[in-house]
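Here's the structure, in structure tokens; my notes come after.
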Amino acid sequence: MRKIIHSNAIFDVHTETVFNGYIVIMNDVIEAVVNQKDWTDDFSGEFFEFGDNMIVPGFIDAHIHFYLSALLHSGKIKSVTGQQSEVEVANQVSTIAKVNGWKIGIGWFSSDFGQNIYPTHHSIDKVCNDTPVMLISGDAHSVWFNQCALDSLAITTQALPTNLSGEALQDQDGLTGCFTEAIAIHYLAKVLQPFKESAAKDYLTYMKRLNQMGITSIADVALSGESWDEFIYPEIYEAIQDEATVRVSFYPAMRQETTHLTQLALQYQDDWVQFGGVKQFFDGVTSTHTAYLKQEYTTPYFKNDVGGPLLPIEKMRALILQANKMGWPIRIHTIGDQAIHSALCFYQESAKMYPLKSGVYNTLEHLEVMDPNDLPLTDQEHLVISVQPSHLLVGYETLDEEVGPDRASKMFPFHSLLRANDRLAFGTDSPVVVDVTPIDTIYYASSRRGKNGLPEQPLMPHEKLTVGQAIVAHTLGAAKAISREDIGEISSGKKADLCVLSKNLLALQDNEWSDCSVLRTMISGNWVWM
């Protein structure tokens, strides 16, 4: 059955403007897009009138950790977000329900407790000593256990995993219960394995929540580049494919042994579930000084503290070259300016040796502490810059302490990156942020502040994007990040993935954004939210 949609405000990703016109849909594809002045009655079908409601391509979240996000949405993991002391976070454990024998929360940041100060099991033990507790850091790069959890997992100083990046923090009494980077993910995976049994239902429920936000496609990316489990489960997507309401491109960790990855690449190339490529982690995060910087941290934990690579630099280079040689795009987590610089150089080298085919893109993820001198290096034909505007507002109060005022003033350079490389993609990195909608993300990128009016002075205001640029980054730009040419814009021949908004974002005043909502979401010509 043909569908015909009319709106006075259809968004064109190429001009970043809206026009009055009609979208003609046949089955799952856009058959035609016709300007009002050119419209005739040649088409017949079910008609939908949206007046001044804005119609945009279905939003794409170019960076999400779907398994954790689905568990959080289901209530099996509880948010403990907010800027608090260690004791205040630990006290929230009493409000967390026990699931599969565990109490699990997410949202604390060690930098909120002070520089080089990490929580210990003692503070949780005072609140809960008879049930294992795991609190995941807000950036998902650390975990914090109580003593009961350490005992339950049989974690001792003699039984720690080897050949993984990160730390098992200790004090004079032994293990503190706090673990970082790949060691943290190693234990996180052990705790969350039993939750897979009911994950199919959680996935479908969370997809509906994404549809409610206007999201029709996602990139599900590995949470670790080293752990035995990276939380990428294509078999779950395959099991729910007939009921799924979100398109998925997934990115497992790039490994030296590629047999399993090759099997995944061959098995999953469906319209709904695709092996999108691979992922790796060059560095960590600034809050724990694991982001790899060119110059020493402002409050160094030790002499010449610049963080460092999570993998040996030559190994990272080899993995990039190997992935591109296989024809796979690779996404690299880069937070610190040295990690960013090195990865960009490796991408340049790889482009000469193993150029990717047209429409396929490597990405750099995050690019938070960016050296302006490296901006020209981002101008690469097969590179998309993938960023998360919501991160701009996560712990911005402590950035000066973490990296120093000069570097902090140059962070999150969205406008500069867009000028240097016109392929900018938006995502959330959920559950690093919780329930951030595309409308929120577009507002953050174009205003450089939160909807609550804070901070009073926009953060690095010279790096604001226009609303039109931000919409493109969340649609066409994000489609390029997942190397898909059949979505991301409203034009003939593309998939009929659309989002109907209550207001025209291009015309909103600052105080009107909170009232804007998603009225309907369409994927493959079917309304999945209304």
Side-chain angles (χ1 to χ4, degrees), residues 83 109-112 114-116 138-139 141 282-301 304-308 333-344 364-379 385-421 424-426 429 432-433 436 440-467 469-470 473 510:
Q83 193 172 11
F109 287 89
S110 63
S111 56
D112 288 342
Q115 293 299 304
N116 203 18
D139 53 35
H141 281 250
F282 210 130
D283 64 348
V285 289
T286 58
S287 60
T288 56
H289 286 207
T290 51
Y292 188 18
L293 301 181
K294 292 183 176 182
Q295 303 294 329
E296 191 176 60
Y297 279 89
T298 302
T299 53
Y301 295 173
N304 298 321
D305 178 14
V306 294
H333 169 113
T334 52
I335 295 282
D337 49 15
Q338 184 58 58
I340 294 167
H341 174 85
S342 298
L344 286 169
L364 277 192
E365 304 292 327
H366 310 307
L367 295 96
E368 294 187 0
V369 186
M370 181 81 194
D371 182 349
N373 293 318
D374 286 333
L375 284 167
L377 292 175
T378 66
D379 184 15
I385 304 300
S386 175
V387 297
Q388 301 76 38
S390 53
H391 288 195
L392 178 71
L393 299 168
V394 176
Y396 66 85
E397 304 92 341
T398 63
L399 292 180
D400 284 0
E401 296 176 46
E402 291 174 24
V403 300
D406 182 59
R407 282 183 293 213
S409 69
K410 300 168 186 172
M411 289 179 69
F412 306 98
F414 304 148
H415 184 258
S416 296
L417 286 165
L418 187 60
R419 282 188 303 167
N421 178 339
L424 191 67
F426 281 174
D429 202 9
V432 173
V433 295
V436 170
D440 294 334
T441 295
I442 291 164
Y443 179 79
Y444 300 152
S446 59
S447 69
R448 307 284 292 195
R449 67 196 309 186
K451 288 183 177 178
N452 59 0
L454 297 175
E456 293 183 5
Q457 297 300 317
L459 298 165
M460 311 87 168
H462 58 286
E463 294 292 353
K464 288 181 181 179
L465 298 182
T466 67
V467 172
Q469 289 170 334
D510 198 61

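Computed from a predicted model, the values in this text were never measured in an experiment.
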Output the distance between atom [atom1] ([X]) and atom [atom2] ([Y]), rounded to the nearest 0.5 Å.
{"X": "Leu459", "Y": "Tyr444", "atom1": "CG", "atom2": "OH", "result": "12.0 Å"}
{"X": "Ile442", "Y": "Ser447", "atom1": "CD1", "atom2": "OG", "result": "11.5 Å"}
{"X": "Ile340", "Y": "Leu367", "atom1": "CD1", "atom2": "CG", "result": "4.0 Å"}
{"X": "Phe282", "Y": "Leu364", "atom1": "CZ", "atom2": "CG", "result": "10.0 Å"}
{"X": "His289", "Y": "Thr298", "atom1": "NE2", "atom2": "OG1", "result": "8.0 Å"}
{"X": "Arg407", "Y": "Thr286", "atom1": "CZ", "atom2": "OG1", "result": "10.0 Å"}

Heavy-atom side-chain contact between [X] and [Y] under 4.5 Å:
{"X": "Ser110", "Y": "Thr288", "result": "yes"}
{"X": "Asn116", "Y": "Tyr297", "result": "no"}
{"X": "Leu393", "Y": "Pro455", "result": "yes"}
{"X": "Val403", "Y": "Met411", "result": "yes"}
{"X": "Lys410", "Y": "Pro372", "result": "yes"}
{"X": "Val306", "Y": "Gln338", "result": "no"}
{"X": "Phe412", "Y": "Leu399", "result": "yes"}
{"X": "Leu392", "Y": "Met460", "result": "yes"}

inquiry  = What verdict does the side chain to side chain contact (heavy atoms under 4.5 Å, CB included) test give for Tyr301 and Gln115, after you've listed the backbone C-alpha separation in whole Å, the side-chain angles of each residue and the deciding distance to 0.1 Å?
reply    = CA-CA 8 Å; Tyr301 295 173; Gln115 293 299 304; 4.0 Å; yes

Residue pairs passing the salt bridge (charged side-chain N to carboxylate O under 4.0 Å, His left out) test with at least one member in residues 286-298, sequence neighbours excluded, are Lys294-Asp371, Lys294-Asp374

For the ring pair His366 and His333, is the centre-to-centre distance below 6.0 Å?
yes

If you take all heavy atoms of [X] and [Y], which pair is closest and at what distance?
{"X": "Ile335", "Y": "Ala291", "value": "CG2-CB, 3.8 Å"}
{"X": "Pro461", "Y": "Pro458", "value": "CD-O, 3.4 Å"}
{"X": "His462", "Y": "Ser409", "value": "CE1-O, 4.2 Å"}
{"X": "Thr290", "Y": "Asp283", "value": "O-CB, 3.6 Å"}
{"X": "Ala339", "Y": "Thr334", "value": "O-CG2, 3.7 Å"}
{"X": "Ala420", "Y": "Leu375", "value": "CB-O, 3.5 Å"}

Using a 3.5 Å distance criterion without hydrogens, assess whether the side chain of Arg449 forms a donor-acceptor pair with backbone atoms of Gln457.
no

Side-chain donor or acceptor of Asp406 paired with backbone N/O of Ala408 under 3.5 Å: no

- Message: Please tell me whether Ser111 and Glu402 have a donor and an acceptor in their side chains that are separated by less than 3.5 angstrom.
- Response: yes

Phe414 ring centre to Arg448 NZ or CZ under 6.0 Å, with the angle to the axis within 45°? yes

Residue set satisfying side-chain hydrogen bond (donor to acceptor under 3.5 Å, both in side chains) with Ser416, at least two apart, ordered chain then number -> Glu463

Full working for side chain to side chain contact (heavy atoms under 4.5 Å, CB included) between Phe109 and Thr398
CA-CA 10 Å; Phe109 287 89; Thr398 63; over 6 Å; no

